[in-house]
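Taking it in order: structure first as C-alpha cells, then the write-up.
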There are 2 protein chains.
Amino acid sequence: MDTPWLDRRQLRAWIRLRAVLELLPGALDTQLRRDADVTEFDYYALAMLSEAPGRTLRMTELARQTNATLPRLSHVVSRLEARGLVERFPCPDDRRATNARLTDAGRAKVQEAAPGHVATVRHHVIDALSDEQIDQLARIGDAILARLDPTGSMAATYTRYDGAPGAEAPR
Amino acid sequence: MDTPWLDRRQLRAWIRLRAVLELLPGALDTQLRRDADVTEFDYYALAMLSEAPGRTLRMTELARQTNATLPRLSHVVSRLEARGLVERFPCPDDRRATNARLTDAGRAKVQEAAPGHVATVRHHVIDALSDEQIDQLARIGDAILARLDPTGSMAATYTRYDGAPGAEAPR
DNA sequence: GAGCAGAAGTTGTCGCTACAACCAATCATC
DNA sequence: GATGATTGGTTGTAGCGACAACTTCTGCTC
C-alpha cells in the first residue's frame, strides 16, 4: 500500500466527520421515533413516495433515492405495508418489478412527521452553519459521493431542486 | 413549531449530507470486516486504547472517545475480550469503574488493520477534497457537533493533534 | 454515620441491517 | 424459439445497536 498517514489538519477534519457520522443519525432517529413512531429511513422512504408521480415508485428506484440496498428496502416496505402506510402491487410494464404506492394513511404520516423532522434538521445542521458553509457542505458532499459511488447509480443525486423530497412542504 | 421548510440551497446540502451519512459508514465497515475482521467501531475502540497511556482507559472515557453509549461499548468490549484483543480489570481508584486494556494481540490487530483503513479514508474522503475543503469540513463538523452535544461531554474533541488516535502511525 | 442521589457498568431483549441464497422474468444471441 | 446471462425482488439468518432495568459503589448532606 504505502499510504501516508493523515497529517494534523486532515486528522482534525476526519475526527469531526466521524463523530458526526456516529451521532447525527441517532439524533434524527430518536426524534422521529419519539414523535411519529417511524425510523428516519422509514420517513425518507415515505417522503420519496409522497413526491413521486402517483405517489408510486418501483422498488429499485425507491432504493436508489433512499441510498438503500434492495434487500433492506424490501424489509422496510414489508413493515410499512403491514402498518398500512404503503401498498405493493406488481408493475404492469415489467412483471419482474414491484411498485410501492403511498396510502392515504402513509401520506398523513408524512405530513404529521415532517414539521418535527425539519425542525430537527434545522437545529442540528442548517442553523448551525452560515450560508457560505451550507454551500461548502454541498460541494464537499458531492466530492465524497463521487468517490463512494463513482457510477452515480446508487447515490441520490437530485438535480431537481424544484420541489425536492424529504424536507419540503408535502403536496 | 412554525418552522420554515428548507430552501433549495439548504436542501441540496442536506441531501448530500444525508447520502454520505447513509453510504460512508457501510463503505468503511465493509473494508475493515473484509481485510481485518473487525467493525469500524471495533477498530476505533482498539485504536483509542492503543494511543492511551498504558494502553488502558476507563470504560466511560473510552465511550466518550468513540462517541458511543456505555451499554454499546460494554457489549463491544465483551466481544473483543472474548477474542482476546482486550482485557478488563477493575479500576483500583474507583471500585465502580472498569478499565479496558489492549492486549498484545489487540495491538497487533490495530497495526494490521491500520494501513488499509487509512487508505480507505483517504480514498473516500481526504483525497476527494482540496486542502481548503478539509479545513472547511473541520469547521462544519465543529459547528454541527456543538449542536449535537452542547455540553461537549460526549463528542470526542481531540484538541491534542500531536498523535491523535485512529489514523496515525501506531506506537 | 445514615440515608440518598447520582455515577459506572452490565445484562437482557427487541428491532433493524447486511449478506447470501434464492426465484422469477426479461433480454440477448444464436 | 431455446439457452444463458442479467435484472428485479424476496426471504432467512446472523450480528449489532438502542433502550430499559438492574447492581454496585461513591459522595453529599443532615
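Per chain, numbering begins at 1; letters A, B, ... match sequence-line order.
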Grab the CG-C1' distance between B:L28 and C:dA18 for me, whole Å please. 15 Å
Atom-pair distance (CZ on A:R64; P on D:dG8), nearest Å: 12 Å
Heavy atoms under 4.0 Å, any strand shown: does A:R79 hit a base, just sugar-phosphate, or nothing? base
To the nearest angstrom, the NE2-P distance between A:H75 and C:dA18 comes to 11 Å
So do B:L137 and A:R16 actually touch side chain to side chain, heavy atoms under 4.5 Å? no
Measure from CZ on B:R72 to P on D:dA20 and round the result to the nearest Å. 17 Å
Would you check if the side chain of A:R12 reaches a backbone N or O of B:R139 as a donor-acceptor pair within less than 3.5 Å? no
On DNA chain D, does the nearest nucleotide to B:V76 precede the nearest nucleotide to A:S74 from the 5' side, or the other way round? Give the residue. A:S74
A:L70, nearest nucleotide to its side chain (from C:dG12, D:dT10, D:dT11): D:dT10
Rounded to whole Å, please give me the gap between CG in B:L73 and C1' in C:dT10. 11 Å
Ignoring the backbone of A:F41, work out which of C:dA18, C:dT17, C:dT11 is nearest its side chain. C:dT17
5' priority, DNA chain D, between B:R33 and A:N99 [closest heavy atom]: A:N99
Answer yes or no: is there a donor N or O on one side and an acceptor on the other, between the side chain of A:T98 and the main chain of A:P90, under 3.5 Å? no
Separation of D:dA18 P from A:L32 CG (nearest whole Å): 16 Å
Under-4.0 Å side-chain N/O to phosphate OP1/OP2 contact, B:T39 with D:dG15: no
Determine the interplanar angle of the A:H117 and A:Y44 rings, folded into 0 to 90°, and report it as parallel if under 30°, tilted if 30 to 60°, perpendicular if over 60°. perpendicular
Starting at atom CG of A:D42, determine the distance to atom C1' of C:dG15, rounded to an integer number of angstrom. 11 Å
Go through residues 81-98 of chain B and report each residue with a non-hydrogen atom lying under 4.0 Å from DNA chain D, sorted by number. B:D94, B:R95, B:R96
Between the side chains of B:R58 and B:D93, is the shortest nitrogen-to-carboxylate-oxygen separation below 4.0 Å, so that they form an ion pair? no
Using modelled atom types only, decide if a donor and an acceptor are shared between the side chain of A:E81 and the backbone of A:R88 within a distance under 3.5 Å. yes
Find the distance A:R58:CZ to C:dT26:C1' and express it as a whole number of Å. 11 Å
Taking NZ, NE, NH1 and NH2 as the nitrogens, is one of them in B:E22 or A:R72 under 4.0 Å from a carboxylate oxygen of the other? yes
